[in-house]
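Some notes on the structure that comes next.
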Protein chains: 2
Amino acid sequence: MPTDDGSRAGESGAPRLGRRPSTTQAELSHVALTLFAERGFEDTTVDDIAAAAGIGRRTFFRYFASKNDLPWGDFDAQLDGMRRHLDGLPDDLPLMDAVCAAVIEFNRIPPEEVPWHRQRMRLLLNVPALLAHSTLRFKAWRDVVAEYAARRLGVPADSLEPQALAWTMLGIALAAYEQWLVHEDADLSELLESALRMLGERFAS
Amino acid sequence: MPTDDGSRAGESGAPRLGRRPSTTQAELSHVALTLFAERGFEDTTVDDIAAAAGIGRRTFFRYFASKNDLPWGDFDAQLDGMRRHLDGLPDDLPLMDAVCAAVIEFNRIPPEEVPWHRQRMRLLLNVPALLAHSTLRFKAWRDVVAEYAARRLGVPADSLEPQALAWTMLGIALAAYEQWLVHEDADLSELLESALRMLGERFAS
DNA sequence: CTTCCATTCGGCACTGAGTGCCATTAGCAT
DNA sequence: ATGCTAATGGCACTCAGTGCCGAATGGAAG
């Protein structure tokens, strides 16, 4: 999901009432990522970003609740995608297979967006403040997995089994991401598959 | 490790030079936890804590790098303990068994400290700011696991297999903790064992 | 075109975390 | 007393985030 610059009119059939927004989340995110790449995350202030985007500092905080949210873009939309993908899977597919497939599918990225995604993830996993903040997003991700697992297992989503499973899948995904960031030529999907396979073998013993 | 109030002299055989510290990490942590229990984490300022402890605000930040570090106490010492425990295990014990044993051992807590530990963990896992900050501590925990696994497997500690394993163990531990916090009468060790067993069974299929 | 209304903008002032600087204080040794 | 060492804590500063409120913008109704 690259910055959808240009036409920022579309939207749903709402009659459009009142003053129109002067920018977009994606636009701001794009501007900020560029600044972060130049000066680094810590050395870029919210004032810098607002100024570069041509808006007031106060306005910035109407588009993003915090500076830490900038690299995440529309994560919730992604989550909805994964939720739908999971719900669309046949119930006779073994639970682990389903979850693994969803994780791999969720992290499939078009080749042309790989560089952007790499930069974003490098920021998220390497800047301490962002890594810390990520926890809150990861929780939302885990909830998607846990809720699916809970449905399949016929138990509450906050019970041990779905929760443990969700944590495990997150761990696997992040371990794969860390490898992906280190090895420029690596393929994320392959790393994920390999990590998932490894876990199965290790636990089977 | 409750607050070691009273005699704050002991230490090693250092000749003690210069002015003595006017308080301790444990003391501050204790004061803060009490305030958090009364007013909540967000509504307790660092000024409040410093005032309650009878020190200057500036001094507070010489004992703790941030307000978020207060509930963690001497986590590094705990980590050293786990590291030593792992290194002391026989090499013919299967890797997974060793790691599982260490996780359970690491989270064994004396019955009299259970209430305190519960309050601390409830804070850490329920207050968003603390949960986010926890990520950084969890990373140190994961590194201990990953380094042990790496040694046993004869691969670099930052390679996929140890990292994925470390993430998984963390996830299991936290899933167990969440259950423990919800169920007043639950036993943490049993929850951990049950979660670990579950993961094995699920992956074995 | 004017008026009304919804919605966004953005300045201002404020809180609170965290930091650098530095003079002051407390303990120990000579 | 003098000197050395280490901890203290006040002060001023930066920056993230928030509440308040008037100003700007654009569509719709008159």
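All chains are named by letter (A, B, ...) in the order of the sequence lines, taking the proteins before the strands, and each is independently numbered beginning at 1.
Spacing between atom CZ of B/F61 and atom P of D/dG10 amounts to 14 Å, rounded to whole angstrom units. To the nearest angstrom, C1' of D/dA7 lies 15 Å from CD of B/Q25. Between the NZ atom of B/K67 and the P atom of C/dT19 there is a distance of 15 Å, given to the nearest Å. Distance CD (A/E42) to P (C/dA17): 18 Å, rounded to an integer number of Å. Atom CZ of A/F60 and atom C1' of C/dT8 are 17 Å apart (whole Å). Residue A/F41 contributes atom CZ, which lies 12 Å from atom C1' of D/dC15 at whole-angstrom precision. Taking atom CG on A/L70 and atom P on D/dA16, their separation rounds to 11 Å, with Å as the unit. If you measure from atom CG of B/D47 to atom P of D/dC11, you get 13 Å, rounded to the nearest angstrom.
With hydrogens and angles left out, the side chain of A/R19 and the base of D/dA24 share a donor-acceptor pair within 3.5 Å. A donor and an acceptor atom never sit less than 3.5 Å apart when one is taken from the side chain of A/R58 and the other from the base of D/dG17. On a pure distance criterion of 3.5 Å, a polar donor-acceptor pair joins the side chain of A/R57 and the base of D/dG17.
For A/R62, the side-chain atoms get nearest to D/dC21 when compared with the rest of D/dC21, C/dG18, D/dA16. Minimum atom distance to the side chain of B/I55 is reached by D/dG9, of the listed D/dT5, C/dT8, D/dG9. Considering only side-chain atoms of B/R20, the nucleotide from D/dG26, C/dC28, C/dT19 that sits closest is C/dC28.
Geometric assessment of A/K67 against the ring of A/F41 yields a positive cation-pi assignment under the 6.0 Å and 45° thresholds.
Using a 4.0 Å heavy-atom distance criterion, B/G18 is classed as a base contact.
Between B/F75 and B/W72, a ring centre-to-centre spacing shorter than 6.0 Å is recorded.
Using bins of under 30°, 30° to 60° and over 60° for the plane-to-plane angle, the ring pair A/W180/A/H117 lands in the tilted bin.
Residue A/V99 comes nearest to A/L165 through the heavy atom pair CG2-CD2, 4.4 Å, listed as atom of the first residue, atom of the second, then distance. Listed here is the closest heavy atom pair of A/R57 and A/D47: NH1-OD1, 3.4 Å.
Mapping A/T59 and B/N68 onto DNA chain C by nearest heavy atom places A/T59 closer to the 5' end of the strand.
Contact annotation: B/S22 side-chain N/O to D/dT8 OP1/OP2 distance is under 4.0 Å. Phosphate contact (OP1/OP2 of D/dT8, side-chain N/O of B/Y63, threshold under 4.0 Å): present. Put simply, B/T45 has no side-chain N or O that comes within less than 4.0 Å of OP1 or OP2 on C/dG16.
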